[in-house]
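Let me begin by presenting the structure, written as structure tokens, before commenting on it.
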Amino acid sequence: MTEMKRYSVGIDLGTSNSVLAYAEAGSPGGSPLIHVFEIEQLVSPGEVAARPLLPSVRYQAAQGELNPGDLQLPWSGAARNGARKDAPQDTQQDAPPVVIGRLARVLGAQVPGRLVSSAKSWLSHASVDRTAPILPWGAADDVRKVSPVEASASYLAHVRAAWNQRFPDAPLERQDVVLTVPASFDEGARALTVQAARMAGLHTLKLLEE
């Protein structure tokens, strides 16, 4: 396992955007070179592109609203074959698709009532059940809702899948991973952040205050 930890990875699971940066672990001769990981995501229907920011939003599509063929990601086939069976199960096979990232933000601007946003802020909202399906907040009854934990897990799962697609010989779950959290997070919010990471298949990581 130690030999597999080729990279030191930092993930900022942000309220608006999520970012991943990495460096080769144990680089000799001074400070290692830090890279920002370009995250593949849908930028328009049928178009995938790598971007340094993954908008921390997800769009809960209506049944028949989107063509599943326009929502394929490079790792979609592997997910269907069970390669990511420890990632959160966003939808059942016959359920409407979920879109994460840049395209989700575009679609959500058109239909705001189906957009899950600010999940990180909800994680620290102690007056609500953060493990209950409450997002999108105030959405109509016909919109499938998810918990702030599940939404956060889906962003981390997307980042993990994009990384593992790019670095199949160095899976993210086997690297030294640090996940940043706000200093204002209480123990409950921190625990829920760890729970979201585990749901995304990241079972071993460190939390670091921003």
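In this text, all values refer to a predicted model and were calculated from it rather than measured experimentally.
- Listed by first then second residue, pairs satisfying salt bridge (charged side-chain N to carboxylate O under 4.0 Å, His left out) with a partner in residues 132-143 read Arg114-Asp142, not counting sequence neighbours.
- Counting only heavy atoms from C-beta outward, the side chains of Val177 and Thr204 never approach each other to under 4.5 Å.
- Of the possible donor and acceptor atoms, one in the side chain of Gln60 sits under 3.5 Å from a partner among the backbone N and O of Arg144.
- Legend: residues meeting side chain to side chain donor-acceptor pair (under 3.5 Å) with Thr193, ordered by chain and number and at least two apart, are absent.
- For residues 45-56, the set of pairs meeting the salt bridge (charged side-chain N to carboxylate O under 4.0 Å, His left out) definition, not counting sequence neighbours, is empty.
- For residues 116-131, every residue pair satisfying the salt bridge (charged side-chain N to carboxylate O under 4.0 Å, His left out) rule, not counting sequence neighbours, is listed here: Asp12-Lys120, Lys120-Glu210.
- Residues passing the ring-ring contact (aromatic ring centres under 6.0 Å, His included) test with Tyr155: none are found, sequence neighbours excluded.
- Pairs of residues two or more places apart, or lying in two chains, never qualify as ring-ring contact (aromatic ring centres under 6.0 Å, His included) while including a residue from residues 175-199.
- Using a distance-only test at 3.5 Å, with no hydrogens or angles considered, a donor-acceptor pair links the side chain of Lys145 to the main chain of Ala140.
- Within the structure, the salt bridge (charged side-chain N to carboxylate O under 4.0 Å, His left out) test picks out the following pairs touching residues 176-185 (sequence neighbours left out): Lys5-Asp176.
- The ring-ring contact (aromatic ring centres under 6.0 Å, His included) search around Phe37 returns Trp163, not counting sequence neighbours.
- In this structure, Leu135 CG and Ser117 OG are separated by 8.0 Å, a value rounded to the nearest 0.5 Å.
- To the nearest 0.5 Å, atoms CG (Leu103) and CG (Leu66) are separated by 7.5 Å.
- With sequence neighbours left out, Glu209 forms a side chain to side chain donor-acceptor pair (under 3.5 Å) with Arg190.
- By the side chain to side chain donor-acceptor pair (under 3.5 Å) test, Glu65 is found to be paired with Tyr59, residues two or more places apart in sequence or in another chain being considered.
- A donor-acceptor pair under 3.5 Å links the side-chain atoms of Gln175 to the main chain of Arg6, judged by distance alone.
- Under the side chain to side chain contact (heavy atoms under 4.5 Å, CB included) criterion, Ser121 pairs with Thr15, Ser118, sequence neighbours left out.
- No hydrogens or angles considered: a donor-acceptor pair under 3.5 Å links the side chains of Ser56 and Ser18.
- Residues Leu123 and Ser152 meet the side-chain proximity criterion, which asks for heavy atoms closer than 4.5 Å.
- Here the side chains of Val9 and Leu20 are in contact, with some heavy-atom distance below 4.5 Å.
- Scanning for side chain to side chain contact (heavy atoms under 4.5 Å, CB included) contacts around Pro112 gives an empty result, with sequence neighbours left out.
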